[in-house]
K.L.:
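Would you mind keeping the following structure in view while I ask a few things?
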Amino acid sequence: MVNVLVVGSGGREHALGWKMAQSCLVDKVFHAPGNGGTIENIPINPEEIDKLMQFAIKHDCFTVVGPEAPLSKGIVDKFTENKLAIFGPTQKASQLESSKIWAKQFMQRNGIPTAPFGIFDDANKAKEYVQSLNYPVVIKADGLAAGKGVIVCDDKKDALSAIDEMLVKNSFGSAGSSIVIEKRIDGIEASYIALCDGQTAIPMATSQDHKRIFDNDKGPNTGGMGAYSPTGVITDVLAQKIQKEIIEKTISSMKREGIPFKGFLYAGIMVKDGEPFVLEYNARMGDPECQPIMMRMDSDLYEYLLASSQGKLESLPKISWKKETAVCVVLASNGYPDSYPKNEKISGLENIDDANTMVFHAGTKQEGDDVLTNGGRVLGVTALGTTLESAISNAYESVGKIKWKNKYCRMDIGKKGLAFL
Ligand code: GLY
């Protein structure tokens with residue numbers, strides 16, 4: 001039996017820990033720092049790599065890294081140098097997410113389909129470039145910007161203002177000191193995530209996120225307001241194409257360039273006229289995509305993550321998935337993604353007693369007997385159903401039972417998937 005240390009505090013990490021705990025090979029699951037829904041919490045933040053290493057040594061842990069920040073700081077490199085077992089990509093490999101410029105150039109030199117783009121660190125040159133473009137365009141800060149570094153510009157005015165924010169006012173700090181300007185491909189977005197070990201890539205179940213804060217995909221971008229799995233946007237034919245022309249090409253090109261990628265490779269895909277284009281890579285599981293994907297996974301997650309870290313995925317069978325659909329509705333604090341209140345008491349959690357529903361915690365904390373809000377995205381109510389429609393209805397039935405003063409959620413999670421059944 002092994003202990004597992006899950007690094008991070010979001011809904012994704014709660015779902016990963018919940019699934020790892022189901023393995024008959026796993027003893028304890030620790031969360032660093034965890035949240036109000038995770039049990040064995042240890043007060044170490046994801047970027048305190050030395051402290052995490054000491055904990056992993058003391059408790060003989062296999063470590064699973066949820067968020068991007070510690071990956072980009074080299075947590076996997078440091079653990080590996082110290083002969084500690086850890087799941088995730090190295091610092092160099094996680095550049096697929098931590099540098100948008102690096103990722104775009106990587107795709108360009110390896111023939112991976114993505115939108116045409118320009119790279120700038122000079123505001124005047126960037127402003128000159130956007131004069132002659134067809135709109136909309138997307139302007140991206142090169143570095144990690146907590147999900148806020150991507151601005152969709154509908155016209156030249158928006159583009160000039162985004163350039164000013166990033167290159168003149170430095171609103172994104174060093175993350176925005178270089179930018180990518182790319183054509184916005186008009187299509188349908190979906191998430192394709194594969195588990196990789198440096199040379200083999202096993203597909204996870206497909207999913208679709210809901211990034212905007214308001215119903216019908218209106219309002220500003222968020223970390224994700226809900227997701228469902230599987231998605232009909234990615235048909236079997238399209239999945240095979242993405243697997244071959246994007247995922248396997250990415251993995252073999254990374255290997256050839258001497259930067260083998262181990263971990264979850266997340267490709268944000270735009271589908272236009274049946275053709276997939278990479279919008280962005282993430283070097284980790286999606287949040288909230290992870291929640292419905294974990295609800296549907298029948299295989300032992302620990303076995304797969306261990307095999308990924310050891311380069312042995314080829315020896316494992318395909319992952320087995322429940323036939324049901326899973327829908328995750330994110331309950332947020334009103335005001336998110338800008339400012340929002342904290343420390344509000346959540347009630348009704350005890351009323352969710354359906355075996356096909358899990359409430360994954362994110363921005364929560366336990367205080368005495370109470371669970372309080374502690375972040376923008378607070379809970380991910382995730383339900384299975386025999387169809388997408390029934391999964392939506394099951395999830396919203398539970399959503400209605402949970403209350404706090406400033407609860408907010410979208411009421412249309414999964415609805416856009418109904419058109420693809
Ligand atoms: N749901 C989008 C992300 O994890 O970045």
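All values below come from the heavy atoms of this structure, side chains included, with hydrogens, waters and symmetry mates left out. Each ligand, and each atom within it, is numbered from 1 in the order the structure gives.
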K.L.:
Does the N or O separation between D209 and ligand 1 drop below 3.5 Å for any pair?
P.N.:
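N/O-N/O distance under 3.5 Å: yes.
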
K.L.:
Consider only side-chain N and O atoms of E344 and T373, and report whether a donor and an acceptor are under 3.5 Å apart.
P.N.:
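Distance-only check fails for E344 and T373.
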
K.L.:
Is there a donor-acceptor contact under 3.5 Å linking the side chains of N374 and T364?
P.N.:
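Absent: no donor and acceptor within the cut-off.
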
K.L.:
Show me which atoms of ligand 1 lie under 4.0 Å from any heavy atom of G286.
P.N.:
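The list of qualifying atoms is 4 (O).
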
K.L.:
Under the salt bridge (charged side-chain N to carboxylate O under 4.0 Å, His left out) criterion, do K322 and D298 qualify, and how do the steps go?
P.N.:
CA-CA 6 Å; K322 289 191 201 319; D298 269 336; 2.7 Å; yes

K.L.:
With a 4.0 Å cut-off on heavy atoms, is G224 in contact with ligand 1?
P.N.:
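Not so, G224 does not reach ligand 1.
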
K.L.:
Do E248 and Q243 pass the side chain to side chain donor-acceptor pair (under 3.5 Å) test, and can you show the C-alpha distance, the side-chain angles, and the key distance before you say yes or no?
P.N.:
CA-CA 6 Å; E248 285 172 9; Q243 180 69 18; 3.2 Å; yes

K.L.:
With a cut-off of 4.0 Å, which atoms of ligand 1 are near a heavy atom of G223?
P.N.:
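Listed by number with element, the hits are 1 (N), 2 (C).
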
K.L.:
Side chains of D142 and S99: do they bring a donor and an acceptor to under 3.5 Å?
P.N.:
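Yes, S99 and D142 have a side-chain donor paired with an acceptor closer than 3.5 Å.
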
K.L.:
For E289 and ligand 1, does the shortest N/O to N/O distance drop below 3.5 Å?
P.N.:
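Between E289 and ligand 1 (N or O atoms, distance only) the closest approach is under 3.5 Å.
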
K.L.:
Judging by distance only, is a nitrogen or oxygen of R284 under 3.5 angstrom from one on ligand 1?
P.N.:
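Yes.
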
K.L.:
Look at ligand 1 and say whether C290 reaches it with a heavy atom at a distance under 4.0 Å.
P.N.:
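Outside the 4.0 Å threshold, so no.
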
K.L.:
Does any donor atom in the side chain of N110 or E257 lie under 3.5 Å from an acceptor atom in the other side chain?
P.N.:
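Yes.
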
